[in-house]
Amino acid sequence: MNTAKATGGASEGAVRPLSGFHSLTAPDYDLDSTLSCGQAFRWHWIAESQAWIGVVGEQCVRLQTRLDRIEVESAPAAEDWAWLRRYLQTDLHIDSVLRSFPDDAPMRAAVSACRGLRLLRQDPWECLASFILSSTKQIVQIRRIIALLCERYGKSITVPAGWMPAHTFPSAARLAEVSETDLRQCKMGFRAKYLRGSALRVAKGDCELTGLGELPTDLARVELMRLPGVGRKVADCVLLFAYGRLEAFPMDVWMIRGLGQLYFPRRQVSLDRLRRFADTHFGPQGGFAQQYLFHYLRMEAKVPKL
DNA sequence: TACCAGGAGAGCG
DNA sequence: CGCTCTCATGGT
């Protein structure tokens, strides 16, 4: 199971980095859509090896799709792999989710564009910080900001030879001790004040991210929105991508335009009305439908793949 | 050049 | 409450 092997070149007396291999059962799983759809910002597509490389917690992970499985190499080697199955949500059967979607033309088009897309289960702090940094930024820029942040303030991960240098996502406590000026050097602009403010409060225990998992969605949303830089949309992203609250339906510019275009082609609909439409129309797993629509809209717009 | 980007918050009437 | 403006920075 945890077949660890030494990788890396025959270099001078340095300790050889160990990586572990594993294989996950993942039927009807669209890894490409899942990792490129804009819910997580740290995955890189390596064309030469046809693989995705990213960081999950303290592990640097390389993923490849083979038939109905996902082949994994992880550094350092892992004892068990429950953390990765949880992150990728490979045990979730997508059929019942897809069946819960409304049977209309836009939804059918979205599902056929990325059938097998999963919602990840991300670390709450990383997800929260990432979406604080996302406001009025294009996804390519968000990725760049987060890469700089991790490079400068995350912990270095020892990886096999030939892999890109990898870093963990910096903790709230770590970022709380970074000045706003230094944060701005990561190209995040006015978001630096928000990120620092939220890091301070999370590090102080003023907002218990772990405890939010115990609260009903409405109360958890209220708590998240008490943090600086966290409004309704960012809170919903965190609820959906980190806490698995499938009823959360993030309303961003893509969805406002897309829902208007797809469902109300010839009249102007207010944001509040659009939100109520989404709540009733897409059902208790509306967040899943939202991500399918979001990815579908971005693909239609020919947004460059990562 | 002008406009926009997975928004939020403050300042208005 | 609902509207408008600003906030950095980079891409098209």
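Convention: sequence-line order gives letters A, B, ...; per-chain numbering from 1.
- Nucleotide C:dT9 holds its P atom 10 Å from the CD1 atom of A:I145, rounded to whole Å.
- Within 4.0 Å (heavy atoms only), A:F241 reaches at least one base atom of the nucleic acid.
- OP1 or OP2 of B:dA5 lies within a sub-4.0 Å distance of a side-chain N or O belonging to A:R257.
- Under 3.5 Å, the side chains of A:S23 and A:R69 contain a donor-acceptor pair of N or O atoms.
- Between the CD1 atom of A:I256 and the P atom of B:dG7 there is a distance of 9 Å, rounded to whole Å.
- Residue A:I142 contributes atom CD1, which lies 14 Å from atom P of C:dG10 at whole-angstrom precision.
- In this structure A:A235 satisfies the side chain to side chain contact (heavy atoms under 4.5 Å, CB included) test together with A:R221, A:L224, A:M225, A:V230, sequence neighbours excluded.
- Spacing between C:dT12 and B:dG6 at atom P, rounded to whole Å, works out to 12 Å.
- Counted within 6.0 Å of CD on A:Q50, heavy atoms from surrounding residues, nucleotides or ligands total more than 12; the atom is thus considered enclosed.
- Under 4.0 Å is where a charged nitrogen must lie from a carboxylate oxygen, and between A:D104 and A:R108 no such pair does.
- The pair A:R232-A:D236 meets the salt-bridge criterion, since a charged nitrogen lies less than 4.0 angstrom from a carboxylate oxygen.
- C:dG10 sits 22 Å from B:dA8 when the P atoms are compared, rounded to a whole Å.
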Query - Secondary-structure notation, DNA chain B, from Watson-Crick and G-U pairs under 3.5 angstrom (| other strand) - result: .||||.|||||||
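- Here the P atom of nucleotide B:dA5 and the CZ atom of A:F131 are 16 Å apart, to the nearest Å.
- Across the interface with DNA chain B, nearest-nucleotide mapping of A:Q141 and A:R232 shows A:Q141 to be the residue nearer the 5′ end.
- Where A:M255 and A:M225 meet DNA chain B, the nucleotide closest to each residue was compared, and A:M255 sits on the side nearer the 5' end.
- Using a 4.0 Å heavy-atom cutoff across all strands shown, A:T136 reaches at least one base atom of the nucleic acid.
- We find that CE of A:M251 is positioned 13 Å from P of B:dA8, with the value rounded to whole Å.
- Taking the side chain of A:K187 as heavy atoms from C-beta on, and the options B:dG9, B:dG6, C:dG10, the nearest nucleotide is C:dG10.
- Under the 4.0 Å criterion applied to side-chain N and carboxylate O atoms, A:D252 and A:K233 are not assigned as salt-bridge partners.
- Checking A:S74 against A:R62 by side-chain atom types alone, no donor-acceptor pair falls below 3.5 Å.
- One atom, CG of A:D236, and another, C1' of B:dG7, lie 13 Å apart when rounded to the nearest Å.
- At a cut-off of 3.5 Å, with distance as the only test, a side-chain donor of A:D32 or A:W52 sits close to an acceptor on the other residue.
- Between A:R191 and C:dT9 there is no side-chain polar atom (N or O) within less than 4.0 angstrom of OP1 or OP2.
- For C:dG10, neither phosphate oxygen OP1 nor OP2 lies less than 4.0 angstrom from any side-chain nitrogen or oxygen of A:K137.
- In this structure, CD of A:Q185 is placed 16 Å from C1' of C:dG10, rounded to the nearest angstrom.
- Between A:F282 and A:F288, the distance separating the two ring centers is not shorter than 6.0 angstrom.
- Straight-line distance from the CG atom of A:L133 to the C1' atom of B:dG6: 13 Å, rounded to whole Å.
- Using a 4.0 Å cut-off on heavy atoms, the residues of residues 263-294 of chain A that approach DNA chain B are A:Q290, A:Q291, A:F294, listed by number.
- Between the side chains of A:T217 and A:R245, at least one donor N or O sits under 3.5 Å from an acceptor N or O.
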